[in-house]
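In what follows, every chain begins at residue 1, and chains take the letters A, B, ... in the order their sequences are listed.
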There are 2 protein chains.
Amino acid sequence: MCLVGIDLTIAALSDPTRRHLLGRLANHPRRAGDLAGGFAISRPAICKHTRILAKAGLIKATRRGRERIYELAPAGGRAIRDLIAKLEEVGRFWDETLEAFKRYAEEQR
Amino acid sequence: MCLVGIDLTIAALSDPTRRHLLGRLANHPRRAGDLAGGFAISRPAICKHTRILAKAGLIKATRRGRERIYELAPAGGRAIRDLIAKLEEVGRFWDETLEAFKRYAEEQR
DNA sequence: CAAATATGTAACCTTAAGGTTACATGTGTC
DNA sequence: GACACATGTAACCTTAAGGTTACATATTTG
């Protein structure tokens with residue numbers, strides 16, 4: 001039940017602002033300014049979040065002139081899938097527990 | 001793409017110590033002392049982690065004499081599954097992006 | 001080239017998370 | 001009842017996360 005290796009991913013996803021940012025990048029890339037627009041927090045704050053998302057391999061940026069275009073990084077899909085797999089592993093704990101309880105109930109009968 | 005409602009769960013799972021604790025509780029319950037044993041950090045620290053896990057609905061405790069027995073909470077299974085569902089939703093972003101890219105490539109041909 | 005635009009970075013502040021030690025509380029046991 | 005045991009709580013410390021403002025940098029445009 002090794003749960004390492006998902007730390008970066010889950011840490012990146014544990015912040016609601018960052019999840020929101022990912023949602024915005026769904027389907028089509030965006031300029032940094034557009035990505036930051038509409039949030040209650042400042043642009044530099046968003047910039048920090050994008051850096052964290054990038055370090056987690058979830059997004060990537062490419063420069064286009066003076067603009068910077070953010071988009072979902074292909075590797076991110078796999079990172080998410082890996083995380084889901086680990087969580088399913090965790091979820092299995094409960095199945096096992098339930099089963100163990102059932103066995104116990106059988107024995108008592 | 002509503003990503004709310006998973007905050008407590010993902011926050012609880014984002015700490016490695018807490019994931020480790022869940023692993024220990026897989027299959028069979030444990031006394032608080034046993035649960036805390038073997039960790040590098042102090043028992044009170046573990047106690048705080050268990051409280052967070054309990055608040056997230058992942059574990060529950062029952063008193064037995066002067067001992068306290070921790071075990072996985074049935075509701076936790078659903079919390080995990082909900083989280084997984086949301087993450088699959090997030091994962092779909094990448095599929096969409098990939099598709100959009102494919103469509104774009106088709107058009108260019 | 002000067003001014004405006006787009007954006008990252010640096011320095012700093014505040015707060016909350018995770019730790020620690022000391023202590024309170026409740027429960028067995030002699 | 002006194003004492004040991006099992007465990008949660010309180011008070012406090014340190015650090016890192018998330019914010020802010022001010023500034024540096026690069027590029028477009030008049």
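- The backbone N or O of Ala73(A) sits less than 3.5 Å from a side-chain atom of Trp94(B), completing a donor-acceptor pair.
- Terminal axes of the helix from dC1(C)-dG30(D) to dC30(C)-dG1(D) (five pairs each, C1' rotation axis) are separated by 10°, to the nearest 10°.
- Rounded to whole Å, atom P of dG18(D) lies 17 Å from atom NE2 of His20(A).
- Contacts of Asp34(B) classified as salt bridge (charged side-chain N to carboxylate O under 4.0 Å, His left out), with partners at least two apart in sequence or in another chain: Arg31(B).
- Here dG18(D) presents its P atom at 13 Å from CG of Asp7(B), a figure rounded to the nearest Å.
- When the side chain to side chain contact (heavy atoms under 4.5 Å, CB included) test is applied to Pro44(A), the partners found at least two apart in sequence or on another chain are Ser42(A).
- Partners of Ala61(A) according to the side chain to side chain contact (heavy atoms under 4.5 Å, CB included) rule, which considers only residues two or more places apart in sequence or in another chain, are Arg68(A), Tyr70(A).
- The distance from atom CD1 of Ile41(B) to atom P of dT15(D) is 17 Å, rounded to the nearest whole Å.
- Heavy-atom nearest nucleotides on DNA chain D were determined for Ile52(A) and for Arg64(A), and the one closer to the 5' end corresponds to Ile52(A).
- Shown here are the side chain to side chain contact (heavy atoms under 4.5 Å, CB included) partners of Asp95(B), two or more places apart in sequence or in another chain: Arg81(A), Arg92(B).
- Whole-Å rounding puts the Lys55(B) NZ to dA16(C) P distance at 13 Å.
- As rounded to whole Å, 14 Å separates atom P of dT21(D) from atom CD1 of Ile46(A).
- Glu99(B) is linked by a side chain to side chain contact (heavy atoms under 4.5 Å, CB included) to Arg103(B), counting only residues two or more places apart in sequence or in another chain.
- Put simply, CD1 on Ile59(B) is 13 Å from C1' on dG8(D), counting in whole angstrom units.
- Remark: Ser42(B) is not in phosphate contact with dG19(C), judged by side-chain N or O atoms under 4.0 Å from OP1 or OP2.
- Here salt bridge (Lys or Arg N to Asp or Glu O under 4.0 Å) pairs that include residues 35-56 of chain B, with residues two or more places apart or in two chains, number zero.
- Applying the salt bridge (charged side-chain N to carboxylate O under 4.0 Å, His left out) test to Arg63(B) and every residue at least two apart in sequence or in another chain returns nothing.
- The backbone N or O of Ile69(B) lies less than 3.5 Å from no partner atom in the side chain of Arg64(B), so there is not a single donor-acceptor pair.
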Please write out each protein N/O paired with an N/O of nucleotides 7-11 of chain C under 3.5 Å, distance rounded to 0.1 Å.
residue : atom : partner  : partner atom : Å
dT7(C)  : OP1  : Ala32(A) : N            : 3.3
dT7(C)  : OP1  : Arg68(A) : N            : 3.3
dT7(C)  : OP2  : Gly33(A) : N            : 2.9
dG8(C)  : OP1  : Arg68(A) : NE           : 3.4
dG8(C)  : OP1  : Tyr70(A) : OH           : 2.7
dG8(C)  : N7   : Arg43(A) : NH1          : 3.3
dG8(C)  : O6   : Arg43(A) : NH2          : 3.3

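- Backbone-only contact: Arg18(B) has heavy atoms under 4.0 Å from sugar-phosphate atoms and none from a base.
- Contact annotation: His49(A) reaches the phosphate of dG19(D) (side-chain N/O to OP1 or OP2, under 4.0 Å).
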